[in-house]
Amino acid sequence: MPEGHTLHRLARLHQRRFARRPVSVTSPQGRFTASAALVDGQVLQRAEAHGKHLFHRYGRDATVHVHLGLIGTFSEGDGEPPAPVGQVRMRMVGEDHWTDLRGPTLCQLLTDVEVAAIRTRLGPDPLRRDADPAKALTRINRSGQPVAALLMDQSVVAGIGNVYRAELLFRHHVPPLLPGRAVDAELWSAMWTDLVTLMRHGVRVGRIDTVRGEHLPRAMGRMPRQDRHGGEVYVYRRAGLPCHVCGTEVLTQVLAGRNLFWCPTCQSG
DNA sequence: GATCTATGTAGAT
DNA sequence: TCTACCTAGATCG
């Protein structure tokens with residue numbers, strides 16, 4: 001679930017459902033109880049996302065910071081919340097809605113300085129208006145690391161995860177192991193523009209779809225069926241299957257602890 | 001019902 | 001580089 005689009009979608013939902021009104025904040029599981037008590041009953045001023053980080057600002061030096069990690073998840077509903085089931089780290093209850101947070105990597109109450117520290121170490125986020133893609137290119141060009149590794153580095157670009165990485169490289173015919181310094185401005189401009197479009201679509205529909213008109217798989221004669229993550233993709237988790245565009249077997253390799261997927265023909269550079 | 005795997009990161013080693 | 005986190009959907013039997 002959680003690449004940048006998921007967090008922006010949650011921020012938008014929480015802003016709409018909880019902001020500008022008092023919110024009950026508790027920790028049925030107990031691991032967030034002391035911090036929850038400090039904002040419980042206060043007005044949520046603003047919910048926003050930067051990359052994969054979610055911030056609930058209640059006031060000066062009182063921001064709840066959530067990072068879902070790999071397995072964190074929010075569930076939500078209308079009206080009265082049900083009895084907590086399982087390990088609910090944080091429960092928020094507003095006038096008409098409730099939401100439960102389970103399994104996050106981080107759920108902590110931060111001061112303004114601590115929030116700023118997190119945000120300054122993040123790279124530009126394609127889903128934010130304040131993003132400067134040139135900052136990302138500078139970092140990419142300074143490095144001999146594979147572009148596939150750089151795209152996953154949240155201090156280079158904030159919000160890209162394993163699915164968007166694989167799909168972006170495929171869509172731009174980029175070999176994953178291409179060194180960062182070989183990415184030119186024209187290529188990066190095209191990749192960034194595409195990322196903005198793809199991720200905005202992700203926020204809108206709540207899943208990652210990267211198969212668009214210009215890449216229709218004519219050779220296959222049909223659109224790819226939905227993949228396990230719920231959207232339509234070219235190469236992510238398709239190792240051993242034929243490429244939707246050229247039919248070559250999709251390859252996989254572990255790079256820096258994450259599974260990488262690519263088509264050696266379409267992405268031969 | 002049991003088992004496997006994962007869209008991620010932090011912290012230990 | 002390894003492990004913990006400890007959810008949920010897919011797959012196995």
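Quick note on labels: first sequence line is chain A, next is B, and so on, each numbered from 1. Just so it is clear, the values below take in all heavy atoms, side chains as well, and ignore hydrogens, waters and symmetry mates.
One interatomic measurement links the two molecules: CG of A:Leu255 to P of B:dG8, which rounds to 14 Å at whole-angstrom precision. In this structure, the CD atom of A:Glu232 is 17 Å from the C1' atom of B:dT7, given to the nearest Å. As a whole-Å value, the separation of A:Leu122 CG from B:dT9 C1' is 12 Å. If you take CG of A:Leu169 and C1' of B:dT7, they are 15 Å apart, rounded to a whole angstrom. B:dT9 atom P lies 14 Å from atom CD of A:Gln108, rounded to whole Å. A:Arg238 places its CZ atom 16 Å from the P atom of B:dA6, with the value rounded to the nearest Å. Between A:Leu54 atom CG and B:dG8 atom P the separation is 16 Å, expressed in whole Å.
Contact detail for A:Val147 and A:Pro175: the closest heavy-atom pair is CG1-O, 3.8 Å.
Remark: A:Asp40 engages no residue in a salt bridge (charged side-chain N to carboxylate O under 4.0 Å, His left out) (not counting sequence neighbours). When the side-chain contact (heavy atoms from CB on, under 4.5 Å) test is applied to A:Arg258, the partners found at least two apart in sequence or on another chain are A:Met152, A:Asn162, A:Arg165. For A:Gln154, the side chain to side chain donor-acceptor pair (under 3.5 Å) criterion is met by no residue, not counting sequence neighbours. By the salt bridge (charged side-chain N to carboxylate O under 4.0 Å, His left out) test, A:Arg119 pairs with A:Glu48, sequence neighbours left out. Remark: A:Gln45 pairs with no residue by the side chain to side chain donor-acceptor pair (under 3.5 Å) rule, at least two apart or across chains. Partners of A:Thr111 by side chain to side chain donor-acceptor pair (under 3.5 Å), not counting sequence neighbours, listed by chain and number: A:Glu114. The side-chain contact (heavy atoms from CB on, under 4.5 Å) test applied to A:His97 returns A:Arg17, A:Phe18, A:Asp78, not counting sequence neighbours.
Considering only side-chain N and O atoms, A:Tyr236 lies under 4.0 angstrom from the phosphate OP1 or OP2 of B:dT7. Note on A:Asn259: a side-chain N or O is less than 4.0 Å away from OP1 or OP2 of B:dA6. For B:dT7, the OP1/OP2 oxygens have no side-chain nitrogen or oxygen of A:Lys52 closer than 4.0 Å. Of the side-chain N and O atoms in A:Arg207, none sit less than 4.0 angstrom from OP1 or OP2 of B:dT7.
Below 30°, between 30° and 60°, or above 60°: for A:His53 and A:His67 the angle between ring planes is above 60°, a perpendicular geometry. Using bins of under 30°, 30° to 60° and over 60° for the plane-to-plane angle, the ring pair A:His14/A:His56 lands in the perpendicular bin.
Residue pairs meeting the ring-ring contact (aromatic ring centres under 6.0 Å, His included) criterion with at least one partner in residues 250-269 of chain A, sequence neighbours excluded, are A:Tyr236-A:Phe261. Within the structure, ring-ring contact (aromatic ring centres under 6.0 Å, His included) contacts touching residues 138-166 of chain A (residues at least two apart or in different chains) are A:His5-A:Tyr164.
Both A:Phe261 and A:Arg121 lie near DNA chain B, and the one whose nearest nucleotide falls closer to the 5' end is A:Phe261.
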Checklist outcome for this item: Each nucleotide of nucleotides 1-7 of chain C classed B (base within 4.0 Å of a protein heavy atom), S (only sugar-phosphate) or -, in 5' to 3' order, makes ----SBB

Checklist outcome for this item: Pairing string of DNA chain B (Watson-Crick or G-U wobble, both atom distances under 3.5 Å; | = paired to other strand) is ||||||.|||||.

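Atom C1' of B:dA10 sits at a distance of 22 Å from the matching atom of C:dA8, rounded to the whole Å.
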Could I get a table of every N or O pair under 3.5 Å where one atom is in the protein and the other is in nucleotides 11-13 of chain B?
none

